[in-house]
Amino acid sequence: MSGKVKDLTDSNFSLTVGEGVTLVDFWAPWCPPCRAQGPIVEKLADSFDGRAVVAKVNIDEQVETAGKYGVASIPTLLILKDGKEMKRFVGLRQENELDEALQTFV
């Protein structure tokens, strides 16, 4: 995982996403589409460094946060602005689609 992608937990999630723009990737290590999404998320972390936080939540370990956001399928990617959900993607997404959506909010 890129050093720029933050690993979020139930305890630090709200604090991390509370201010600014955050892309959150809800994933699990046993999920092949999630593993394919990983390198795309890492690229976005590099290109949005300083403009948006890019983070991952392992749904097996952070059950409370996954439940709070109603994550039923993975990967699920959320764009949050000041803690409020602005956009949701379910399933593997390409870099350009996520990049365009993030550009809208930064």
Side-chain angles (χ1 to χ4, degrees):
M1 182 172 1
S2 163
K4 292 187 175 111
V5 177
K6 292 186 187 247
D7 223 356
L8 297 184
T9 63
D10 290 338
S11 59
N12 73 4
F13 187 89
S14 294
L15 183 63
T16 304
V17 306
E19 235 176 78
V21 176
T22 310
L23 172 68
V24 182
D25 176 15
F26 287 87
W27 73 291
W30 48 262
C31 162
C34 298
R35 289 197 306 269
Q37 189 72 69
I40 295 167
V41 169
E42 289 175 17
K43 277 186 180 177
L44 290 165
D46 287 336
S47 60
F48 282 89
D49 189 29
R51 297 185 295 151
V53 172
V54 177
K56 296 180 86 107
V57 173
N58 182 326
I59 64 156
D60 290 338
E61 296 172 357
Q62 312 308 324
V63 178
E64 187 180 312
T65 301
K68 178 182 174 186
Y69 284 90
V71 175
S73 299
I74 52 174
T76 291
L77 297 107
L78 304 181
I79 297 176
L80 299 127
K81 185 166 187 172
D82 299 330
K84 188 186 270 184
E85 183 178 332
M86 307 304 286
K87 194 143 180 77
R88 177 179 292 241
F89 302 92
V90 178
L92 181 61
R93 298 294 186 209
Q94 296 306 311
E95 182 181 357
N96 64 330
E97 181 180 10
L98 295 170
D99 185 288
E100 286 174 22
L102 272 169
Q103 294 284 2
T104 306
F105 300 106
V106 293

Closest heavy-atom contact between [X] and [Y]?
X: A66; Y: I59; value: CB-CG2, 3.9 Å
X: T16; Y: T22; value: O-OG1, 4.0 Å
X: A52; Y: V106; value: CB-CG1, 3.9 Å
X: V57; Y: Q62; value: CG1-CB, 3.7 Å
X: S47; Y: D99; value: OG-OD2, 4.3 Å

Show every salt bridge (Lys or Arg N to Asp or Glu O under 4.0 Å) that has at least one partner inside residues 62-75, sequence neighbours left out.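 Passing the test, one end in residues 62-75: no pairs.
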Suppose the criterion is salt bridge (Lys or Arg N to Asp or Glu O under 4.0 Å): which pairs have a residue in residues 18-39, not counting sequence neighbours?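 Every pair satisfying salt bridge (Lys or Arg N to Asp or Glu O under 4.0 Å) with a residue in residues 18-39: D25-K56.
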When you look at L8 and V17, which way does the side chain to side chain contact (heavy atoms under 4.5 Å, CB included) test go after all the steps? CA-CA 10 Å; L8 297 184; V17 306; 4.2 Å; yes
Same apolar cluster (I L V M F W Y, side chains within < 4.5 Å links), [X]/[Y]:
X: I40; Y: L78; result: no
X: I79; Y: L44; result: yes
X: L23; Y: F13; result: no

According to side chain to side chain contact (heavy atoms under 4.5 Å, CB included), who are the partners of T104, at least two apart in sequence or on a separate chain?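 Here no residue qualifies.
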[X]: what forms a side chain to side chain donor-acceptor pair (under 3.5 Å) with it, not counting sequence neighbours?
X: D49; result: none
X: E61; result: none
X: T9; result: S11, N12
X: D60; result: W30

Trace of the side chain to side chain contact (heavy atoms under 4.5 Å, CB included) decision for L80 with K84: CA-CA 5 Å; L80 299 127; K84 188 186 270 184; over 6 Å; no
Start with the C-alpha gap between L102 and V21, add the side-chain angles, then the distance that decides, and say whether side chain to side chain contact (heavy atoms under 4.5 Å, CB included) holds. CA-CA 8 Å; L102 272 169; V21 176; 3.9 Å; yes
Scan residues 72-81 for pairs that pass side-chain hydrogen bond (donor to acceptor under 3.5 Å, both in side chains), counting only residues two or more places apart or in two chains.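 Pairs touching residues 72-81 that pass the test: none.
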Walk me through it: do W27 and I74 pass the test side chain to side chain contact (heavy atoms under 4.5 Å, CB included)? CA-CA 6 Å; W27 73 291; I74 52 174; 5.6 Å; no
Measure the shortest side-chain to side-chain distance between [X] and [Y] over non-hydrogen atoms and say whether it is less than 4.5 angstrom.
X: V71; Y: T65; value: no
X: D46; Y: K4; value: yes
X: C34; Y: P29; value: no

ILVMFWY clustering at 4.5 Å (side-chain atoms), partners of V63: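 Cluster partners of V63: none, it stands alone.
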Transitive ILVMFWY cluster of L15 at side-chain heavy atoms under 4.5 Å: who else is in it?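 Joined to L15, directly or through intermediates: none.
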N/O donor to acceptor pairs below 3.5 angstrom from side-chain atoms of residues 86-98, sequence neighbours left out:
| unit_1 | atom_1 | unit_2 | atom_2 | d |
| --- | --- | --- | --- | --- |
| R88 | NE | E85 | OE2 | 2.9 |
| R88 | NH1 | Y69 | O | 3.2 |
| R88 | NH2 | Y69 | O | 2.7 |
| R88 | NH2 | E85 | OE1 | 3.0 |
| R93 | NH2 | V90 | O | 3.1 |

